[in-house]
Visitor: 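Just passing along the structure, written as structure tokens.
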Amino acid sequence: GAEAWYCSQGGFDRRATSGAMFSSPPPLGDIAPNTGAFTALSSKWLSIGVSGIDGDGTTENLTAIQTALTAIGTTGGLIRLPPGVFKISGALTVSLAAGKHISFEGSGPETTILYFSGSSHGLVVNYGSPSSSVSISNLTVSTDTINAASGIFLLNPATATTNYNAPSYINNVILRGQDGFGASQYWANCVWVGNISNVVIDGLYCFGSSTIAGNGLVVQGKISGTKSYAVQIQVSDSSFNLLDVGAYILDYTQGLFFSNCGFVGTNRGIYCPPGCTGLLDQLSVGGCEFNSVFGSGCFAIDIGTIMYDIMLSNNYFIVWTNAGGIRLSTAGGVISDNSFNSNSLTSTTALTLVGNGAGIILSDNTIRGFTTGITIPSGIASLITGNNFYDCTNDYNISGTSTYAYGNFPEYQYLIANLPTAAAGNAGTGLLISNGVASPTYNGGVSTTGSTVNKVMSTGSGWVYR
């Protein structure tokens with residue numbers, strides 16, 4: 001059976017889960033026999049044991065594990081499951097009392113497998129207050145259904161504004177179909193974080209299907225009329241594979257941080273659809289790999305609702321035909337030191353800005369093999385500097401009247417697909433200052449839209465080329 005843990009104000013004490021039930025805890029450190037039943041202990045103690053479970057992959061375990069979760073939700077505490085495949089025909093749901101924390105642990109991913117049979121959610125945690133929290137670690141959560149509900153569903157249903165929570169943790173957890181990694185069965189949403197803040201995720205592995213379906217992590221703030229934000233969601237050393245969307249950002253979210261993560265074989269790696277509500281703010285992505293964006297018209301990072309203060313740096317992008325690297329609807333941010341590589345010159349864009357925004361800095365990126373390297377529409381102010389372009393059909397497609405580009409380094413020359421119309425730009429020594437005229441001049445010559453330019457004008461007013 002599972003281990004029973006006891007908690008006093010002094011710490012945890014592990015004891016056996018077989019034999020007769022005891023009615024009061026023995027001294028700390030003693031071993032006492034226990035059937036795994038639950039007993040009323042002093043307010044300083046809690047007892048959790050799980051009896052009657054069988055990890056043979058066919059025996060039903062819903063009632064036994066649910067009984068343990070129900071008890072632990074009111075007192076707080078820890079459940080640890082042994083190795084095995086535990087079949088569960090229905091959702092496991094725990095409602096946390098205000099201020100209580102529970103830990104739900106396995107013996108290791110793929111060592112302890114919670115096998116959910118049917119189309120219900122997997123593990124559901126309802127928070128009783130912002131001071132409630134949960135830790136889920138060292139297990140696999142699988143489903144035998146195609147497009148099942150959510151594997152792990154964390155929800156704060158409170159109607160009051162609750163922008164901050166006690167920290168919750170998801171560590172070393174795999175979510176997949178019961179038929180294997182990226183086969184036919186998959187969760188619709190591997191992990192859903194609803195109206196919860198301060199969630200730390202490390203070592204989360206989400207697998208969709210061979211048809212590229214399902215979502216990995218879904219984060220949403222405002223739920224059922226509440227006015228709160230999901231704030232501070234930190235994701236590190238995690239992997240999102242064969243999914244439609246790796247990380248889905250919805251209404252009322254702020255402060256999402258991704259570091260050292262892999263998004264492999266997805267249609268979109270990180271996606272915020274158009275029309276989300278609330279003030280979306282602070283997305284940081286660093287040291288991540290976006291390998292193979294499959295969906296036609298999709299981008300590895302695709303932010304469709306205006307989002308403030310975005311930082312994207314030191315990431316690696318591999319993009320396929322009819323897809324792109326980054327598409328942002330943003331009002332401020334920095335995109336720097338990323339590497340973009342495409343295996344096709346057919347309708348691919350490394351980086352494009354959409355909507356009306358300001359204050360975008362694009363610096364020190366390497367862009368290779370795209371139809372268009374950087375696309376800047378009208379209405380967006382941006383600074384493009386220190387970037388390297390190789391083997392692109394067009395390095396730029398610039399329609400904005402407040403875009404400045406200088407100090408960039410093409411392989412041999414810059415290819416300009418479109419030029420903005422505006423007053424004459426500033427003087428300089430870099431490649432291009434694109435706050436200029438429709439047909440800018442250089443040393444008496446005339447450049448027209450779509451031309452290739454490799455001459456320099458380092459003094460005077462107007463456009464500057466190298």
Side-chain angles (χ1 to χ4, degrees), residues 109-110 114 116 121-125 136-137 139-143 145-155 168-178 180-194 196 199-221 230 233-250 253 256-273 276 283-295 298-304 315 317-318 323:
E110 296 300 295
L114 299 182
F116 288 91
H121 292 307
L123 179 59
V124 178
V125 181
I136 302 169
S137 62
L139 49 82
T140 293
V141 180
S142 68
T143 178
T145 302
I146 295 175
N147 198 31
S150 296
I152 296 174
F153 193 1
L154 308 183
L155 176 65
S168 290
Y169 302 88
I170 299 175
N171 305 105
N172 299 323
V173 174
I174 296 172
L175 293 104
R176 61 171 176 84
Q178 182 61 18
F181 294 87
S184 62
Q185 299 165 355
Y186 64 94
W187 294 103
N189 308 294
C190 291
V191 177
W192 186 298
V193 176
I196 305 293
V199 180
V200 179
I201 298 173
D202 182 70
L204 174 67
Y205 301 91
C206 298
F207 291 86
S209 77
S210 58
T211 59
I212 318 298
N215 302 313
L217 172 65
V218 181
V219 180
Q220 183 174 5
I233 311 297
Q234 302 182 44
V235 185
S236 62
D237 299 308
S238 296
S239 182
F240 303 87
N241 307 274
L242 300 175
L243 296 155
D244 180 33
V245 177
Y248 216 127
I249 303 171
L250 295 173
T253 55
L256 281 79
F257 304 92
F258 295 87
S259 63
N260 301 319
C261 294
F263 300 82
V264 180
T266 61
N267 286 331
R268 293 180 175 93
I270 299 173
Y271 180 49
C272 176
C276 287
L283 170 65
S284 176
V285 183
C288 295
E289 179 185 15
F290 298 84
N291 188 342
S292 304
V293 180
F294 288 127
C298 294
F299 284 73
I301 298 178
D302 195 351
I303 307 301
N315 302 292
F317 298 83
I318 298 177

Visitor: Checking Phe317 now: which residues fulfil ring pair (Phe, Tyr, Trp, His ring centres under 6.0 Å) with it, not counting sequence neighbours?
Guide: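 For Phe317 the ring pair (Phe, Tyr, Trp, His ring centres under 6.0 Å) partners, ignoring immediate neighbours, are Phe290, Phe340.
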
Visitor: Using the ring pair (Phe, Tyr, Trp, His ring centres under 6.0 Å) criterion, which residues pair with Tyr205? Sequence neighbours excluded.
Guide: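 Tyr205 satisfies ring pair (Phe, Tyr, Trp, His ring centres under 6.0 Å) with no residue once adjacent residues are dropped.
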
Visitor: Which residues pass the side chain to side chain contact (heavy atoms under 4.5 Å, CB included) test with Glu110, not counting sequence neighbours?
Guide: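 Glu110 satisfies side chain to side chain contact (heavy atoms under 4.5 Å, CB included) with Ile113, Thr140, Ile174, Arg176, Phe181 once adjacent residues are dropped.
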
Visitor: Got a donor-acceptor contact below 3.5 angstrom from the Thr266 side chain to the Val264 backbone?
Guide: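 Looks like no, no N/O pair under 3.5 Å.
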
Visitor: Could you check if a side-chain atom of Ile270 sits within less than 4.5 angstrom of a side-chain atom of Val285, using non-hydrogen atoms only?
Guide: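 The answer is yes, as the side chains (C-beta and beyond) meet within the 4.5 Å cut-off.
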
Visitor: Return the minimal non-hydrogen interatomic distance between Asp237 and Asp202, and the atom names on each side.
Guide: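 For Asp237 and Asp202, the tightest heavy-atom pair comes out as OD2-OD1, 3.2 Å.
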
Visitor: Short question: side chain of Ser210, backbone of Ala183 - any donor-acceptor pair under 3.5 Å?
Guide: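 Checked: pair present.
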
Visitor: Would you sort out whether Asn260 and Ser236 count as a side-chain contact (heavy atoms from CB on, under 4.5 Å), showing the intermediate values?
Guide: CA-CA 6 Å; Asn260 301 319; Ser236 62; 5.6 Å; no

Visitor: Tell me, do Val173 and Val191 make a side-chain contact under 4.5 Å, heavy atoms counted?
Guide: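 No - every pair of side-chain heavy atoms lies 4.5 Å or more apart.
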
Visitor: Identify, with sequence neighbours excluded, every residue that meets side-chain hydrogen bond (donor to acceptor under 3.5 Å, both in side chains) alongside Ser168.
Guide: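 side-chain hydrogen bond (donor to acceptor under 3.5 Å, both in side chains) list for Ser168, sorted by chain: Tyr127.
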
Visitor: Quick check: closest heavy atoms across Leu243 and Asn215, and the distance to 0.1 Å?
Guide: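 For Leu243 and Asn215, the tightest heavy-atom pair comes out as CD2-C, 3.8 Å.
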
Visitor: Can you measure from OG (Ser137) to CG (Asn171) and round to the nearest 0.5 angstrom?
Guide: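 Reported to 0.5 Å precision, the distance equals 6.0 Å.
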
Visitor: According to side-chain hydrogen bond (donor to acceptor under 3.5 Å, both in side chains), who are the partners of Ser184, at least two apart in sequence or on a separate chain?
Guide: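 For Ser184 the side-chain hydrogen bond (donor to acceptor under 3.5 Å, both in side chains) partners, ignoring immediate neighbours, are Asp179.
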
Visitor: In Å and rounded to the nearest 0.5 Å, what is the SG to CD1 distance from Cys206 to Ile152?
Guide: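 Nearest 0.5 Å value for the SG-CD1 distance: 8.0 Å.
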
Visitor: Determine the minimum heavy-atom distance between Cys261 and Val235, stating which atoms define it.
Guide: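 Scanning both residues completely, I find the closest heavy atoms to be SG-O, 3.8 Å.
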
Visitor: Does the side-chain contact (heavy atoms from CB on, under 4.5 Å) test come out yes or no for Val193 and Ile233, once each step is laid out?
Guide: CA-CA 9 Å; Val193 176; Ile233 311 297; 4.3 Å; yes

Visitor: Any side-chain to backbone donor/acceptor pair from Asn315 onto Gly287? Under 3.5 Å, distance only.
Guide: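 Here the side-chain-to-backbone pair exists.
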
Visitor: With sequence neighbours left out, write down each residue that passes side chain to side chain contact (heavy atoms under 4.5 Å, CB included) with Thr211, or none if nothing qualifies.
Guide: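 Only Ser209, Ala213 meet the side chain to side chain contact (heavy atoms under 4.5 Å, CB included) criterion with Thr211.
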
Visitor: In chain order, what residues pass the side-chain hydrogen bond (donor to acceptor under 3.5 Å, both in side chains) check against Gln185, with sequence neighbours excluded?
Guide: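 Not a single residue meets the side-chain hydrogen bond (donor to acceptor under 3.5 Å, both in side chains) criterion with Gln185.
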
Visitor: Could you walk me through whether Leu256 and Leu283 pass the side-chain contact (heavy atoms from CB on, under 4.5 Å) check?
Guide: CA-CA 5 Å; Leu256 281 79; Leu283 170 65; 4.0 Å; yes

Visitor: Which heavy-atom pair separates Leu175 from Cys190 by the least distance, and what is that distance?
Guide: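 Shortest heavy-atom contact: CD2-O, 3.1 Å.
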
Visitor: How many angstroms lie between atom CD1 of Ile201 and atom CZ of Phe257, to the nearest 0.5 angstrom?
Guide: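 Between atom CD1 of Ile201 and atom CZ of Phe257 there are 13.0 Å.
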
Visitor: So how far is it from Arg268 CZ to Ile303 CD1, rounded to the nearest 0.5 Å?
Guide: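 The CD1 atom of Ile303 is 10.5 Å from CZ of Arg268, to the nearest 0.5 Å.
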
Visitor: Who pairs with Gln220 by side chain to side chain contact (heavy atoms under 4.5 Å, CB included), at least two apart in sequence or on another chain?
Guide: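 Applying side chain to side chain contact (heavy atoms under 4.5 Å, CB included) to Gln220 gives Trp192, Ile223, Leu250, Asp251.
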
Visitor: Among Phe240, Tyr248, Phe263, which one satisfies ring-ring contact (aromatic ring centres under 6.0 Å, His included) with Tyr271?
Guide: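 Exactly one option meets the ring-ring contact (aromatic ring centres under 6.0 Å, His included) with Tyr271, and it is Tyr248.
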
Visitor: Look at the side chain of Trp187 and the backbone N and O of Gly122, then say whether any donor-acceptor pair between them is shorter than 3.5 Å.
Guide: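 Pair absent, no side-chain N/O of Trp187 close to backbone of Gly122.
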
Visitor: With sequence neighbours left out, what residues match Thr253 under side-chain hydrogen bond (donor to acceptor under 3.5 Å, both in side chains)?
Guide: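 Applying side-chain hydrogen bond (donor to acceptor under 3.5 Å, both in side chains) to Thr253 gives none.
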
Visitor: Does Asn147 have any side chain to side chain contact (heavy atoms under 4.5 Å, CB included) partners at least two apart in sequence or in another chain, and if so, which?
Guide: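 For Asn147, the residues satisfying side chain to side chain contact (heavy atoms under 4.5 Å, CB included) (neighbours in sequence not counted) are Tyr186, Ala188.
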
Visitor: Which heavy atom in Ile196 sits nearest to a heavy atom in Leu155, and how many Å separate them?
Guide: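 That closest heavy-atom pairing would be CD1-C, 3.8 Å.
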
Visitor: Checking side-chain contact (heavy atoms from CB on, under 4.5 Å) for the pair Leu242/Phe207: CA distance, chi angles, key distance, verdict?
Guide: CA-CA 6 Å; Leu242 300 175; Phe207 291 86; 5.5 Å; no

